[in-house]
Amino acid sequence: MLKVNEMFGNTIQGEGMYTGVPSIFVRTNGCNLKCVFKDSICDTSYTSFNPEKPLFDNWDDLMEAFKKLVDENPRTNHLVITGGEPLLQKNDLELFLTKAFEIKNDWVVTIETNGSLPMLNPLGKGYKVDLYSVSPKLSTSVDMDCKYLTVAQRDMHDKTRINHKNLYDIVKYSRNYQFKFVYSGPECIDEIKMIYSKMAQFVNKENDYEFENWIRKHPNKHTQLMPEGITNEQLAKTREEAAIKCVENGWRFCDREHIIIWGDKRGV
């Protein structure tokens, strides 16, 4: 049974290449990581640090509520699966998407993930994933002083936050992808480049790719920097610097429009 924290429509996608597009969101419960940044913790701590009780305990109730949401948003065909970490519930998520396509067959599906867990079957029957929106967690997400986490929790987050093979598989097998990195300061830039360099080790040398060319042609053009923060005031601290770093590296700037419009209000 897919554990769902909340579902809502009547809103727009606030981040990434579909910014501004009317969307329906399904937020799953639970996360394998616990992010603590310089000035903020996870912006959905109610699904990660302290997961709330799931909304539904059976498929019938879940799909009835989803169908009602679809009927209330008849002109919306973008479906965003977010979390938490949706890929913690891989099998149930595949079943949900199959059922969602039975209700409406023209979904444009985005899965928002931290990239540390394997992607869904790229040839999944009954559904398709149009975009993997991946937010790999940099070392700036580690609670080094253990203000919020135990030492064991901090170390587990740090150990598992990056899976280079999973990130490479998303590049290779997904229909489309974007990498959205939280920008906390200039130290993030070299770390992003190091992640891409380690991903490149999985490139098949028989295809005559040079590692640097692969990085330039593939992940780099799908890279976005997003200022750190869960309030307008926090975003303002790194927004301009993040934009400048995008210009310097040929990346794309990504703001957080839902926070700019609604602040930390839930359900939008």
Side-chain angles (χ1 to χ4, degrees), residues 1-4 13 15-19 21 23-33 59 62-63 66 77-137 160-181 192 195-209 211 213-224 252 254:
M1 175 63 206
L2 187 68
K3 298 176 182 178
V4 173
Q13 172 60 273
E15 302 172 357
M17 66 175 62
Y18 288 136
T19 294
V21 175
S23 303
I24 287 175
F25 283 78
V26 175
R27 188 180 305 283
T28 62
N29 230 24
C31 188
N32 59 318
L33 301 180
W59 280 107
L62 168 58
M63 298 316 300
F66 179 73
N77 73 327
H78 278 244
L79 174 59
V80 182
I81 310 296
T82 188
E85 175 48 61
L87 295 180
L88 274 176
Q89 304 181 65
K90 186 176 179 180
N91 292 337
D92 286 326
L93 179 55
E94 290 179 334
L95 179 55
F96 172 80
L97 287 173
T98 298
K99 291 176 177 290
F101 272 88
E102 292 172 355
I103 293 172
K104 190 180 182 76
N105 63 15
D106 64 342
W107 290 117
V108 177
V109 175
T110 296
I111 290 182
E112 298 185 338
T113 175
N114 59 44
S116 67
L117 300 176
M119 63 190 295
L120 301 185
N121 178 3
L123 302 177
K125 297 179 180 179
Y127 68 88
K128 60 183 174 66
V129 177
D130 297 277
L131 175 67
Y132 276 88
S133 183
V134 189
S135 297
K137 305 309 177 187
T160 60
R161 61 188 171 82
I162 299 292
N163 186 314
H164 298 96
K165 181 60 166 62
N166 284 345
L167 297 178
Y168 172 77
D169 285 346
I170 288 173
V171 171
K172 184 173 182 179
Y173 296 113
S174 68
R175 297 165 65 95
N176 198 9
Y177 68 95
Q178 60 187 9
F179 288 134
K180 293 194 286 93
F181 293 95
I192 293 170
I195 289 171
Y196 287 164
S197 179
K198 290 184 177 181
M199 287 168 59
Q201 68 183 301
F202 299 103
V203 174
N204 186 346
K205 295 181 180 180
E206 295 178 358
N207 289 340
D208 295 324
Y209 282 113
F211 288 176
N213 284 340
W214 181 84
I215 293 170
R216 176 175 56 81
K217 291 179 180 179
H218 292 281
N220 260 359
K221 71 177 184 178
H222 294 263
T223 300
Q224 303 186 22
R252 180 174 174 177
C254 170

*Name all residues meeting the side chain to side chain donor-acceptor pair (under 3.5 Å) criterion together with Ser116; count only those two or more places apart in sequence or in a different chain, and write none if there are none.*
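If we apply the side chain to side chain donor-acceptor pair (under 3.5 Å) test to Ser116, skipping adjacent residues, the hits are Asn32, Asn114.
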So, do [X] and [Y] sit near enough that their side-chain heavy atoms are less than 4.5 Å apart?
X: Tyr127; Y: Val109; answer: no
X: Leu95; Y: Leu2; answer: no
X: Gln178; Y: Tyr18; answer: no
X: Phe96; Y: Val4; answer: no
X: Ile81; Y: Leu97; answer: yes
X: Trp59; Y: Lys99; answer: yes

*Angle class for the Trp107/Phe66 ring planes (parallel below 30°, perpendicular above 60°, tilted otherwise)?*
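Answer is tilted, since the angle falls between 30° and 60°.
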Look up atom [atom1] in [X] and atom [atom2] in [Y], then write down how far apart they are to the nearest 0.5 Å.
X: Leu120; Y: Leu93; atom1: CG; atom2: CG; result: 5.0 Å
X: Ser174; Y: His222; atom1: OG; atom2: NE2; result: 8.0 Å
X: Phe181; Y: Ile192; atom1: CZ; atom2: CD1; result: 5.0 Å
X: Ile111; Y: Leu79; atom1: CD1; atom2: CG; result: 9.0 Å
X: His78; Y: Ile24; atom1: NE2; atom2: CD1; result: 11.5 Å
X: Phe179; Y: Ser133; atom1: CZ; atom2: OG; result: 10.0 Å

_Taking NZ in Lys3 as the centre, count heavy atoms belonging to other residues, nucleotides or ligands within less than 6.0 Å. Is the count above 12?_
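Counting other residues, nucleotides and ligands, NZ of Lys3 stays at 12 neighbours or fewer.
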*asked:* Tell me whether Lys198 at atom NZ has more than 12 heavy atoms from other residues, nucleotides or ligands lying less than 6.0 Å away.
replied: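 Count not over threshold, so no.
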Nearest non-hydrogen partners of [X] and [Y], listed with the distance:
X: Ser23; Y: Val80; answer: CB-CG2, 4.0 Å
X: Met17; Y: Asn176; answer: SD-ND2, 3.6 Å
X: Leu87; Y: Pro118; answer: CD1-O, 3.4 Å
X: Thr98; Y: Lys125; answer: OG1-O, 3.5 Å
X: Leu117; Y: Asn166; answer: C-ND2, 3.2 Å
X: Cys254; Y: Gly16; answer: SG-N, 3.3 Å

[X] and [Y]: side chain donor to acceptor below 3.5 Å:
X: Glu112; Y: Gln13; value: yes
X: Tyr196; Y: Thr223; value: yes
X: Thr28; Y: Glu85; value: no

*Not counting sequence neighbours, which residues clear side chain to side chain contact (heavy atoms under 4.5 Å, CB included) with Tyr173? List them please.*
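Met119, Pro122, Asp169.
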